[in-house]
There are 2 protein chains.
Amino acid sequence: MDTKTLILGQKNKKTWIEIHNLKAIGQMVRKKRKKMGMTQAEAAGLCNVGARFMSELENGKATMHFDKIMKVLRSFGFIIGISERL
Amino acid sequence: MDTKTLILGQKNKKTWIEIHNLKAIGQMVRKKRKKMGMTQAEAAGLCNVGARFMSELENGKATMHFDKIMKVLRSFGFIIGISERL
DNA sequence: CATAAATATTCCCGTTCGGTAATATTCTGA
DNA sequence: TCAGAATATTACCGAACGGGAATATTTATG
């Protein structure tokens, strides 16, 4: 893939991870949070959500509000994309 | 981009659209639904959600449950992806 | 243009989200 | 191993989601 990106001059090509459920998102969020060396409480403060929300998000609770999830993802430097199945 | 995909033999490369809010998703859903020649009511039935939900989704209501949004997207042949901001 | 079809909005209602605080449980590092 | 830190869960409560039906509004059609 490195050769490919060099050939095309696309050194900064984004890598998309397909998401099938909220559990997967929760895992990504937790991993990133730990990488940043933060507790859930600190992360909640950063994202301006409650500690409870952060805990439930990381544990993959399915029925959370889309806008709040987006808020956390954005604060953590993630972006969401939509594509069509091939 | 066409030349690029041919060079790499990646004719089936997914194209990701970055999403910043639920409004954008709603627009995509509506566009797809119309393309499929369905009314909101029919689409709601297909996705097993209420007509009200479909209407609100298409109009970009922010506080909807993630799992239900995902359900509709999946029924419409969309996939969700996460990437990191560069 | 009139009317039917489609969509948006309101109503009623049961359920649940999520903030905050408290408490129970689990994890971590010395 | 154990104490403290971190996380998960529970309790209380107000706000609001969403199903289904009804109604208002908008759009499409002949």
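First the proteins, then the strands, lettered A, B, ... as listed; each starts at 1.
Following chains of ILVMFWY side-chain contacts shorter than 4.5 Å, one cannot reach B:I79 starting from A:I69, and the two form parts of different hydrophobic clusters. One hydrophobic cluster, built from ILVMFWY side chains closer than 4.5 Å, holds both B:M36 and B:V29. Following chains of ILVMFWY side-chain contacts shorter than 4.5 Å, one cannot reach A:M70 starting from B:W16, and the two form parts of different hydrophobic clusters.
Against DNA chain C, the stretch residues 49-58 of chain B makes heavy-atom approaches under 4.0 Å through B:R52, B:S55.
Between the side chain of B:K32 and the main chain of B:F76, a donor-acceptor pair closer than 3.5 Å is present. A donor-acceptor pair under 3.5 Å is formed between the side chain of B:N21 and the backbone N or O of B:A24. Judged purely by atom type and a 3.5 angstrom limit, A:S75 uses its side chain to pair as donor or acceptor with the backbone of A:K71.
Using a 4.5 Å cut-off on side-chain heavy atoms (C-beta onward), B:I17 and B:M28 make contact. Under the 4.5 Å side-chain criterion, counting only non-hydrogen atoms from C-beta, A:R85 is not in contact with B:F78. Inter-residue side-chain proximity for B:D67 and A:L22 is flagged as unmet; no heavy-atom pair is nearer than 4.5 Å.
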Which is it for B:E84 and A:K14 under the salt bridge (Lys or Arg N to Asp or Glu O under 4.0 Å) test, yes or no, and what are the steps along the way?
-> CA-CA 7 Å; B:E84 300 215 49; A:K14 290 185 178 64; over 6 Å; no
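The phosphate of C:dG18 (OP1 or OP2) has a side-chain N or O of A:H65 nearer than 4.0 angstrom.
Each of B:K34 and B:M64 was assigned the nucleotide of DNA chain D with the nearest heavy atom; the assignment lying further toward the 5' end belongs to B:M64. Remark on DNA chain D: of its neighbouring residues B:K61 and A:N59, the 5'-side contact belongs to A:N59, judged by nearest-heavy-atom nucleotide. Heavy-atom distances to DNA chain C give each of B:M38 and A:T63 a nearest nucleotide, and the one nearer the 5′ end belongs to B:M38.
A salt bridge does not link B:E42 with B:R33: every distance from a Lys NZ or Arg NE/NH1/NH2 to an Asp or Glu carboxylate oxygen is 4.0 Å or more.
Along DNA chain D, read 5' to 3', the first and last nucleotides having any atom under 4.0 Å from a heavy atom of chain A are D:dA6 to D:dC17.
Distance, B:R33 CZ to C:dA8 C1': 12 Å, rounded to whole Å. Rounded to whole angstrom, the span from the CD atom of A:Q40 across to the C1' atom of C:dC27 amounts to 12 Å.
Rounded to 10 degrees, the angle separating the terminal helix axes of the helix from C:dC1-D:dG30 to C:dA30-D:dT1, each built from five base pairs, is 60°.
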